[in-house]
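Structure record follows, encoded as C-alpha cells.
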Amino acid sequence: MNYWLMKSEPDEFSINDLKNKKNQTEAWTGVRNYQARNFMRDEMKKNDLVFFYHSSCKEIGIAGIAKVVKESYPDPTQFDKKSKYFDPKATEDNPRWFLIDIKWVKTFEEIIPLSLLKESKELKNMYLVQKGSRLSVQPVREKEFDFIKDQLNSK
DNA sequence: GCCAACGTTGGC
DNA sequence: GCCAACGTTGGC
C-alpha cells in the first residue's frame, strides 16, 4: 500500500465538502500537471491512504485522511468545452488527463499546521516541506505518514 | 498583494 | 534542443 498527499484550496473544496458529498466520494478533476497526473494514472491504487491538505487559506496544513476508491480513468472535464479544465488537445481516443476517486475517511480535530510539519526533524525529507515544492499530488513515505497521523495528530 | 520557484510554450 | 517569456502555485 502507498501513501499520498493531495492539496485542495478549502474555499473551493474542503475536507468537509468531501465528507458531505454523496457517498463521501469525489472525482479528483482538474489536475493539469504531468507529474501529478502520472501518480494518479500509474501509481495510486485502491485503498491507498491520502492526506487531505488545505492550501492557500487561513489554516494551512493537513486536515484529515481520505482513501483511493477508484483507480485511474480519464478526467471527463478535459472533453467538456464549457469546463475551465477543457483541453483542446485531448480526445476520447487519446486522453491526456487521468484521475482517481477519493473517499473521506476522517477529519482531524485540528488541522496539522504546515509550520509544525516543517519543525519536525522526522519530516526533513518529506516532499511537502522541500523548498519550491508545489506538486498537488505527491507521495508520502509510510514512516512520514505514520509519524504525522500518530504523533502530530491530536485525535 | 508580493514574489520565489517551478512548469510550459514557442521562436529560433 | 536551447532558452526567454510567460503563467501558475502557494506561502508569507
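All of these numbers come straight from a predicted model, not from anything done at the bench. In what follows, chains carry the letters A, B, and so on, assigned in the order in which the sequence lines appear, proteins first and then strands, with residues in each chain numbered from 1.
- By the 4.5 Å side-chain criterion applied to Ile, Leu, Val, Met, Phe, Trp and Tyr, Phe13(A) is assigned to a cluster that also includes Trp4(A), Met6(A), Ile15(A), Leu18(A), Trp28(A), Val31(A), Phe39(A), Met40(A), Met44(A), Val50(A), Phe52(A), Val68(A), Tyr73(A), Leu99(A), Ile100(A), Ile102(A), Trp104(A), Tyr127(A), Leu135(A), Val137(A).
- Note on Lys131(A): every side-chain N or O is 4.0 Å or more away from OP1 and OP2 of dA4(B).
- Scored by the salt bridge (charged side-chain N to carboxylate O under 4.0 Å, His left out) test, Lys21(A) finds Glu26(A) as partners (sequence neighbours excluded).
- Minimum heavy-atom separation, Asp80(A) to Phe86(A): O-CB, 3.1 Å.
- Residue-environment remark: CD (Glu122(A)) exceeds the threshold of 12 foreign heavy atoms within 6.0 Å.
- Only Tyr34(A), Gln35(A), listed by number, bring a heavy atom of residues 26-36 of chain A to less than 4.0 angstrom from any atom of DNA chain B.
- As a member of the Ile/Leu/Val/Met/Phe/Trp/Tyr network built from side-chain separations under 4.5 Å, Val69(A) groups with nothing else and remains a singleton.
- Side-chain atoms of Thr77(A) and Arg32(A) include a donor-acceptor pair closer than 3.5 Å.
- You'll find the ring centres of Phe51(A) and Phe145(A) inside the 6.0 Å limit.
- Side-chain N/O atoms of Asp93(A) and Thr91(A) include no donor and acceptor closer than 3.5 Å.
- Nearest approach of Pro74(A) to Phe79(A), heavy atoms of both residues: CB-CE1, 4.3 Å.
- The 12-atom threshold is exceeded at NZ of Lys45(A), counting heavy atoms of other residues, nucleotides or ligands nearer than 6.0 Å.
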Under 3.5 Å, which protein N or O atoms sit close to an N or O of nucleotides 6-12 of chain C? Give each pair with its distance.
| from | atom 1 | to | atom 2 | distance (Å) |
| --- | --- | --- | --- | --- |
| dT8(C) | O2 | Arg134(A) | NH1 | 2.8 |
| dG10(C) | OP1 | Lys7(A) | NZ | 2.9 |
| dG10(C) | OP1 | Arg134(A) | O | 2.6 |
| dG11(C) | OP1 | Tyr53(A) | OH | 2.6 |
| dG11(C) | OP2 | Ser56(A) | N | 3.0 |
| dC12(C) | OP1 | Lys118(A) | NZ | 2.8 |

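- For DNA chain B, none of the residues of residues 75-92 of chain A falls under the heavy-atom distance limit of 4.0 Å.
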